[in-house]
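Throughout, a chain's letter reflects where its sequence line sits, starting with A, and its residues are numbered from 1. On a predicted model such as this, the values are computed, not experimentally measured, just so you know.
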Amino acid sequence: MANRDDDFQPVEFAKKWQKKWEKEGIYKTPIKVDPKKKFYCLDMFPYPSGVGLHVGHVEGYTATDIYSRYMRMRRFQVLHPIGWDAFGLPAENYAIKTGIHPRETTEKAIQTFIEQIKSLGLSYDWGREIGTHRPDYYKWTQWFFLLLYKKGLAYKKTAPVNWCPSCQTVLANEQVIDGKCERCDTEVSQKDMDQWFFKITDYADRLLKDLDKIDWPESTKEGQRNWIGRSEGAIIKFSIFNFQFSNSNEEGYVEVFTTRPDTVFGATYLVLAPEHPLVNKITTEKHKPAVEKYQQAAKKKTALQRSALEKDKTGVFTGAYAINPVNGKKIPIWIADYVMMTYGTGAIMAVPAHDQRDLEFALKYGLEIIEVVAPKVAKYIVIEKSLEGNVERMLAKYGQVRIIKEDKDWGKFFEVNVTYDKEGALIEFLKANLLKDSEDGGAWYADSVGTTNKVVFRGKVFNVLHKQDLEDFKEYARSTGVPEDQFVEPQAYVEDGVNINSDFLNRMETPKTKEIIIQWLEDKKVGKKQAAYKLRDWLISRQRYWGAPIPIIYCTKCGSEDKPAIVPVPEKDLPVKLPEDVDFKPTGESPLKYSKKFHKVTCPVCGARGEGVVWRESDTMDTFVDSSWYFFRFTDPKNDKEFASKQAIKTWMPVDLYVGGAEHTVLHLLYSRFFTKVLKDAGYIDFDEPFMKLRHQGLILAEDGRKMSKRWGNVINPDDEIKKFGADTVRMYEMFMGPLKDAKPWSTAGERGVYRFLKKVWLLHQKVTDRKPDQTEERMIHKLIAYTSKGIETLSMNTVIARFMEFVNHYSKEKEIPLSVWKRFLLIMAPFAPHITEELWNQIGGKFSIHQQKWPDHDPKMIKDDQIEIAVAFNDKTRGTITIEAGSDQETVWQMIQHQAKFAKYITSQPKKIIFVKDRIINILI
RNA sequence: GCCGCGGUGGCGGAAUUGGCAGACGCGCAGGACUUAAAAUCCUGUGGCCGUUAGGCUGUGCGGGUUCGACUCCCGCCCGCGGCACCA
């Protein structure tokens with residue numbers, strides 16, 4: 001049969017084969033699995049949005065599809081499932097607008113997704129499809145909640161939460177971006193509410209440590225590390241001057257967390273967060289009004305105001321004092337909103353000389369500044385014209401001198417590196433010998449990177465240790481006509497160094513000092529070593545309808561009217577189904593609250609019932625709870641006795657390859673790891689990381705280089721592309737665009753190029769012959785097989801496709817292609833372009849299906865050439881190439897070169913030296 | 001500010017991890033086929049000089065190591081992503 005241009009109907013035969021694949025069920029997950037040959041290849045399951053599949057989905061899904069198909073051909077048993085992360089706000093918001101039930105819109109969207117995915121020829125096992133919104137799924141989401149509750153990892157507390165006034169719901173910290181709701185960009189405010197939390201903080205250390213054992217992108221691991229935010233330090237107790245807790249005889253104290261216990265001698269005041277519970281107890285009568293006013297104001301501030309944009313530090317004095325445990329010094333206690341209640345102990349010891357924030361605060365309010373760490377070496381910059389005589393020689397007495405630049409007006413600029421013990425002498429010397437106020441700028445300055453609280457200017461040294469000093473300095477500088485923007489603002493010295501003004505710590509160097517002071521604090525029982533984390537417990541309550549209900553019942557009979565007992569729904573009563581009789585309008589409370597049916601319940605413990613006596617929790621769970629365990633469900637999706645059987649989990653987990661967008665760096669990936677660890681501790685599984693190997697797909701940008709967006713009208717819809725060029729083109733083009741992880745712009749012209757390539761493949765069929773391949777051809781296909789295998793395994797599909805193109809270009813120029821070579825080529829291209837290869841396989845009488853064939857072998861011996869072309873360089877410049885026998889030695893190659901006329905002109909004399917790298921290069925130095 | 005990633009032709013991107021920079025594709029230019037267009041095929045294509053042979057130069061910038069650097073080291077510049085008053 002002669003394939004011609006006109007016969008190339010990729011869209012048509014794609015449909016034909018898709019139908020046949022489905023009918024024959026060739027992508028069903030195998031039942032008998034050899035544990036050593038299992039492969040779990042997972043995509044991040046999509047939220048079934050009404051817009052349908054995006055080209056970004058196609059990229060990730062194609063990559064895992066190729067991988068799965070390849071592994072199947074390598075005779076691995078592959079689990080490659082898909083499902084729907086179906087709960088969530090968009091469907092509910094749509095319901096609020098239109099009154100259409102979220103389940104209806106969601107199921108419809110799922111149908112669209114299924115059709116789209118099928119039209120791409122992705123090899124999912126549809127028998128394992130799951131949806132988080134279906135009761136047989138969320139039954140187990142609720143089961144997980146109960147498991148966490150049983151293990152003491154789910155708890156309820158009143159807490160200030162992030163409240164989005166527009167979505168009328170609580171947000172997790174992770175969902176607040178720059179103080180705004182990640183979904184609607186509305187500014188988030190603080191609100192006290194009764195909320196359910198998962199105690200992920202219990203797992204902070206393990207979540208951090210276990211990152212070392214998984215193969216994930218470094219950036220993603222780093223993202224998680226930052227999010228967990230572990231810092232080593234100490235807790236130090238400062239007793240409160242003349243104060244006792246009212247309910248005991250114990251002396252009152254404040255605990256602070258610090259990462260710099262070595263600077264404790266420089267602690268000149270304490271700062272508590274405005275909402276710190278001690279504040280009201282210690283504030284003196286005189287200061288109460290100001291303190292309360294400040295607390296009120298702080299409470300009103302949004303997260304946005306309180307953080308980044310609010311640079312100016314504010315605070316008020318409480319009237320109370322604390323005692324610094326290392327020197328007995330009486331220091332004031334302030335409150336300020338630059339201290340967060342949610343981190344550390346909600347209180348700090350302020351060391352203004354060595355913390356930028358404390359320094360700004362201290363300068364503003366005139367608080368004491370004591371330097372306790374000096375840099376081992378300070379840098380001073382002195383200008384030549386500011387001194388008389390040999391400046392370099394004079395300065396050399398005080399430290400290492402280096403010329404950093406020369407200026408025709410000012411002369412040389414010297415940098416003096418002075419050790420801390422000589423710094424005082426240098427300053428004295430400069431004070432005494434500087435030319436003062438001379439017209440041409442007898443000025444000099446010191447930019448002492450270390451002790452920058454000193455500003456040295458025109459022969460005067462300003463020790464900016466107090467607010468007044470700074471003002472004095474500015475005043476003086478201004479009077480000399482220096483523009484305001486030239487002023488050096490004092491910088492706290494935050495680096496390591498040598499302790500000064502620190503009694504028994506003096507002359508010790510920083511990392512060591514920390515150990516010593518911590519030991520001292522522990523001995524005196526006024527402090528201890530401690531790590532602090534940025535990670536906070538995971539708030540999972542949502543005042544929303546379209547989510548899994550929290551399986552909790554409140555009973556006033558088991559508890560009391562004031563404090564109803566929390567009664568978990570017994571497992572046998574799961575799932576707690578979403579009620580139908582609801583109104584979707586957001587009120588700030590869950591719509592479930594207004595469902596009569598839903599609320600009517602009998603206490604499973606005491607059997608009490610009745611309105612206001614027994615009722616259900618009406619909040620639903622954050623959708624991230626649904627997606628924190630779905631990968632387990634895929635191993636056993638129909639099980640109604642367990643979330644998944646031990647056997648199924650043992651067979652398939654952990655996931656061998658997980659591909660998805662980088663936007664889930666912290667949320668989903670961290671929560672899934674947390675759930676996995678909880679399951680391990682509860683004895684359900686025996687591993688503690690769910691995803692062994694993770695890769696991200698990059699963003700696909702529009703043709704104009706911008707993000708695809710309805711607003712710009714530059715969105716590429718995969719459906720349109722499939723209709724125009726066929727699924728194989730779309731798949732292969734997306735793989736050919738560039739490395740999977742990179743962001744890259746779409747190019748319709750580039751897509752056409754891939755289409756042309758596939759057409760060439762199609763036409764190659766005419767040239768198939770029974771002739772046996774010769775040695776060169778045999779080598780070529782062996783190399784291609786080896787390259788393709790490796791390329792798929794490293795997910796560098798783009799270079800594999802480039803090799804395919806080279807191969808096809810080669811045979812397009814030949815008269816014929818041997819059948820045995822052609823067959824193997826079709827086999828290795830099958831994972832990339834499943835439809836066209838199936839069609840061509842069929843045309844040469846191959847057994848159905850090509851996708852069930854074995855991956856062709858390659859002989860490692862065959863991929864090494866025996867004739868090799870190497871570069872010939874003279875004096876480092878490549879002047880040509882020479883074909884040699886593989887493994888030839890230097891002498892042989894050199895002889896050959898001397899016999900070739902084209903190199904003769906370069907050989908002007910005996911070589912001084914010859915550099916020879918076997919089978920690579922020969923470089924002759926003349 | 002801190003952390004992470006990156007910077008190679010007109011464009012997307014290759015480069016066996018220190019050994020012929022620019023594979024493959026797009027675009028562009030010239031040519032073939034055609035009444036014409038599309039499709040297809042052939043040739044060329046980093047820059048500069050040269051009619052050719054060839055020469056010089058070239059991987060963000062400045063240094064260094066090396067026979068040899070896109071690749072390793074030091075110092076910068078720019079872009080992207082994340083975190084951000086975290087003590």
Side-chain angles (χ1 to χ4, degrees), chain A residues 5-6 177-178 217-227 229-231 233 256-260 263 271 273 306-313 336-340 342-351 354-358 360-361 494 532-536 662-663 665-666 698-699 701 703 705 733 736-739 741-754 756-757 759-760 763 787 790 796 798-809 812-813 869-873 875-881 905 912-925:
Chain A
D5 266 26
D6 312 348
I177 313 290
D178 285 337
E218 195 45 45
S219 56
T220 302
K221 288 193 194 181
E222 207 48 37
Q224 297 220 346
R225 284 189 197 108
N226 287 342
W227 193 260
R230 181 189 158 97
S231 341
V256 305
F257 173 75
T258 177
T259 54
R260 293 296 302 269
T263 62
V271 187
R306 201 171 150 163
S307 69
L309 297 180
E310 190 89 341
K311 274 204 183 116
D312 202 25
K313 309 249 168 322
D337 64 6
Y338 79 91
V339 174
M340 308 288 140
T342 46
Y343 183 78
T345 60
I348 61 155
M349 63 176 204
V351 185
H354 306 292
D355 180 284
Q356 189 57 29
R357 293 151 301 175
D358 295 344
E360 282 167 31
F361 194 80
V494 298
Y533 299 87
K534 286 195 226 173
L535 185 70
R536 285 179 241 166
E663 67 274 15
T665 297
V666 273
L699 200 62
L701 304 167
E703 199 133 21
Y733 170 60
F736 186 57
M737 290 172 83
K741 64 172 194 290
D742 290 2
K744 42 212 174 277
W746 188 272
S747 156
T748 307
E751 187 186 14
R752 260 202 307 276
V754 172
R756 272 201 282 270
F757 160 73
K759 200 182 221 181
K760 273 194 207 168
L763 294 172
Y787 194 87
K790 201 178 163 208
S796 16
N798 54 330
T799 58
V800 171
I801 294 170
R803 290 296 185 93
F804 286 168
M805 287 171 169
E806 282 177 296
F807 175 87
V808 169
N809 287 343
S812 296
K813 285 181 190 132
E869 202 182 49
I870 67 161
V872 179
N875 291 332
D876 309 336
K877 289 208 165 67
T878 307
R879 298 300 183 179
T881 60
K905 63 176 168 178
K912 281 203 209 82
K913 193 178 174 189
I914 296 176
I915 292 118
F916 178 76
V917 181
K918 203 169 86 179
D919 296 345
R920 284 277 158 78
I921 195 171
I922 181 162
N923 185 5
I924 298 124
L925 306 182

Just call it for [X]: base, sugar-phosphate, or nothing, with non-hydrogen atoms closer than 4.0 Å on any strand.
| X | value |
| --- | --- |
| A/K813 | sugar-phosphate |
| A/G753 | sugar-phosphate |
| A/R803 | nothing |
| A/T220 | nothing |
| A/P217 | nothing |
| A/R879 | sugar-phosphate |
| A/N798 | sugar-phosphate |
| A/A743 | sugar-phosphate |
| A/T881 | base |
| A/E751 | nothing |
| A/D358 | nothing |
| A/K760 | sugar-phosphate |

Please report, rounded to the nearest Å, how far the [atom2] atom of [N] is from the [atom1] atom of [X].
| X | N | atom1 | atom2 | answer |
| --- | --- | --- | --- | --- |
| A/L699 | B/G82 | CG | P | 11 Å |
| A/F736 | B/G12 | CZ | C1' | 8 Å |
| A/F807 | B/G25 | CZ | P | 15 Å |
| A/I870 | B/G19 | CD1 | C1' | 10 Å |
| A/Q224 | B/G81 | CD | C1' | 16 Å |
| A/K744 | B/G13 | NZ | P | 8 Å |

Notebook entry, point to check: Mapping A/K790 and A/M737 to their closest nucleotides on RNA chain B, which lands nearer the 5' end?
Noted result: A/M737
Note to self: Taking the nucleotide of RNA chain B with the nearest heavy atom to each, does A/G223 or A/G344 sit closer to the 5' end?
What the structure shows: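 Taking each residue's closest nucleotide, the earlier one in sequence belongs to A/G223.
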Should the side chain of [X] and the base of [N] be counted as holding a donor-acceptor pair, with the cut-off at 3.5 Å?
| X | N | result |
| --- | --- | --- |
| A/E222 | B/C5 | no |
| A/K313 | B/C85 | yes |
| A/D876 | B/C67 | no |

Margin query: Taking syn as a glycosidic torsion within 90° of 0 and anything else as anti, which one is B/G9?
Written below: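 Here the answer is syn: the torsion falls within 90° of 0.
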Next item on the list: Please work out whether B/U40 sits syn or anti, treating a glycosidic angle within 90° of 0 as syn.
Entry: anti
Margin query: Which nucleotide, if any, forms a Watson-Crick or G-U wobble pair with B/C41, using both distances under 3.5 Å?
Written below: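 Because both required distances fall under 3.5 Å, B/C41 counts as paired with B/G31.
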Next item on the list: Any chance you could lay out the side-chain hydrogen bond (donor to acceptor under 3.5 Å, both in side chains) test for A/K760 and A/N809, step after step, and finish with the verdict?
Entry: CA-CA 8 Å; A/K760 273 194 207 168; A/N809 287 343; 3.0 Å; yes
Next item on the list: Name the orientation class of the two ring planes belonging to A/Y338 and A/F361 (parallel below 30°, tilted from 30 to 60°, perpendicular beyond 60°).
Entry: tilted
Check: For B/G68, does either OP1 or OP2 sit under 4.0 Å from a side-chain N or O belonging to A/N875?
Finding: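 No, A/N875 has no side-chain N/O under 4.0 Å of OP1/OP2 on B/G68.
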